[in-house]
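Let me begin by presenting the structure, written as structure tokens, before commenting on it.
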Amino acid sequence: MNKFILSLDQGTTSSRALLIDQNGKISGIVQKELTQIYPDNGWVEHNPNEILNSQIEVIDQVISENNIEISQIAAIGITNQRETAVVWDKDTGIPIYNAIVWQDIRTTDICEDLKNKNLDKEISNKTGLLIGPYFSATKISWILNNVKSAKERAKSGKLLFGTIDSWLIWNLTDKQTHATDFSNASRTMLYNINKLEWDSDILNELDIPKSMLPKVLNSSANFGNFNYKGHKIPIYGVLGDQQASLFGQKCFDETSTKNTYGTGCFMLMNTEEKIIKSKNGLLSTIAWGINGKICYALEGSIFIAGAGIQWLRDEMGIINSSEESEEHALKSSDKSNLFVVPAFNGLGAPHWDMYATGLIIGITRDTNKSDIIKATLDSIAYQTKDVMLSMEKDSQSKIKLLKVDGGASNNNYLMQFQSDILGIKIERPHNTEITALGAAYIAGLLCSFWDINHLKNLKYPNTNFNPKFNSDKINKLYQNWNNAVKRSMNWI
Ligand code: ADP
């Protein structure tokens, strides 16, 4: 009988369960949407019990729909939305507050306070991150300070913290395992990625008791058993979503790089044992830990990628679906001077200008909506080039191939333009569930479902895009983009 890895992909908008066979083929997939809770401006929460229940529902469904025996599941791999924080009661298992989602910026003031104490350098040296509300640390601090008697309960060892992987593992193992993996720990802003330990100074500064924190294990490790209908299914792998996609793309070698085109873009480069200190606003993070060996990565993010296409659809009303953007781009005439800079909430790496706003420049009497749509797609490719150049500078290496995934990577016009403007080949796998695949791979390594060489040799069909612009054309367009970006800066 065929064996499978059960991959659990707990994302920001949905929970998914996938069955993956030994050829890396997806044999079943079930998804359930998750309620987004917006209690206030800039606040985003999830109900932790809904996360757990939806994850169990999709497990039930994927097993029953595909008529497999539970004994055919060799192991579970988990990948999850990163940074989102849950605090729960150690005895009852009841969360004391909703999960505060990574996108939530309610703790901006706490972050400002840390910066005013000149802790930027120390925190970035220790954690690889730039102080920000996205990471778990200040979210935990907010919960402890705002939920009645939470601080005292935490200090007397009654509360536990976890990112979503820990929350799922603790529940699936009947409270036996309170653990996370290196990749998720490195997104909390509490973990020293050099010494591989929770950092006492940052914990003291934020008054977070160490007793709340999970044990940090290898990404490929025994996280305990999920007791499921009389069977024990071992949980053998855990990776944060972007690291899972790096692994799923098989970026196993130094300098191999992937970019995920979703609402925003996340580009990660494998830097092996090196922690690269960025001079260009990128982050250092842990990609994974296998057999005690840590692999690091450099990470750059773009806030507005697919979100720009959603803006065209929802606010501008000039397309009915994201997919429609492609046909408009193809019918737009070539206007090399029209640019959309989607700096809706300022500019990230490498410009870092909170005072920049969105801008459309180069409009003439014959500009039409297709041209604006094309320029918005182009902006995703230009921002990707901005981040890639920073990454090349920081790593002092040249990226020769970019592996891509995520919703907006399905746009062929965008991928061709991306290849043209970068001047390198783009490789897009036909299988779009790369993140779930990464979690399955890391789990399968532990139970000899695969070994690294087997994974390297798994061949998938890809679509390749090869560059067609000469360097003069690239330079001219990119210079125009940079000029447009300059004009969007320092506006408010
Ligand atoms: P996330 O994981 O961030 O929710 P997904 O990987 O599901 O993102 O991708 C969804 C995003 O991709 C949306 O912002 C959507 O507008 C964009 N998108 C999806 N398909 C296309 C397409 N064919 N062309 C351009 N953008 C697209």
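Sequence positions, counted from 1, serve as the residue numbers for this chain. Counting convention: from 1, in listed order, for ligands and their atoms alike.
The nearest heavy-atom contact from the protein to atom 26 (N) of ligand 1 is A408 CB, 3.5 Å. Residue, atom and distance of the protein heavy atom nearest to atom 16 (O) of ligand 1 are S322 OG, 2.9 Å. Ranking protein heavy atoms by distance to atom 11 (C) of ligand 1, first place goes to G262 C, 3.8 Å. Given atom 24 (N) of ligand 1, the protein heavy atom at minimum distance is N411 ND2, 3.0 Å. Among all non-hydrogen protein atoms, the one lying nearest atom 23 (N) of ligand 1 is E323 CA, 3.6 Å.
Per-residue contacts place G406 under 4.0 angstrom from the following atoms of ligand 1 (heavy atoms of the residue considered): 6 (O). Those atoms of ligand 1 that come under 4.0 Å of a heavy atom in S325, given as number and element, are 24 (N), 25 (C). Listed by number with element, the atoms of ligand 1 under 4.0 Å from a non-hydrogen atom of A307 are 14 (O).
Using the six-membered ring where Trp is involved, F247 and W288 have ring planes that are perpendicular, over 60° apart on the 30 and 60° scheme. Between F417 and F469, the ring planes are perpendicular. Angles over 60° get that label, and only those under 30° would be called parallel. Classification of the Y134-W102 ring pair by plane angle, with boundaries at 30° and 60°, yields tilted.
Under 3.5 Å, the side chains of N218 and S220 contain no donor-acceptor pair of N or O atoms. Y38 and D104 form no side-chain donor-acceptor contact under 3.5 Å, judged by distance and modelled atom types alone.
No donor-acceptor distance shorter than 3.5 angstrom exists from the side chain of D40 to the backbone of W43, with no hydrogens or angles considered. A donor-acceptor distance shorter than 3.5 angstrom exists from the side chain of D420 to the backbone of K468, with no hydrogens or angles considered.
Heavy atoms of Q310 come nearer than 4.0 angstrom to ligand 1 in at least one pair.
Between L312, T435, L377, T263, it is T263 that holds the heavy atom closest to atom 3 (O) of ligand 1. Among S321, G407, G308, the residue whose heavy atom lies closest to atom 5 (P) of ligand 1 is G407.
Note: an N/O pair closer than 3.5 Å links G306 and ligand 1 by distance alone. Geometrically, ligand 1 and N410 share no nitrogen or oxygen pair separated by less than 3.5 Å. Distances between N or O atoms of G264 and those of ligand 1 include no value under 3.5 Å. For T13, no nitrogen or oxygen atom sits less than 3.5 Å from a nitrogen or oxygen atom of ligand 1, counting backbone and side chain alike.
Put simply, atom 20 (N) of ligand 1 has protein non-hydrogen atoms near it, under 4.0 Å away. Within a 4.0 Å radius of atom 7 (O) of ligand 1, the protein has no heavy atom.
Judged by a 6.0 Å distance limit and a 45° cone about the ring axis, R82 is positioned over the six-membered ring of F266. With a 6.0 Å cutoff to the six-membered ring centre and a 45° limit on the axis angle, K456 does not count as a cation-pi contact of F252.
Taking 4.0 Å as the cut-off between side-chain N and carboxylate O, E50 and K32 do not count as a salt-bridged pair.
Residue-environment remark: OH (Y460) exceeds the threshold of 12 foreign heavy atoms within 6.0 Å.
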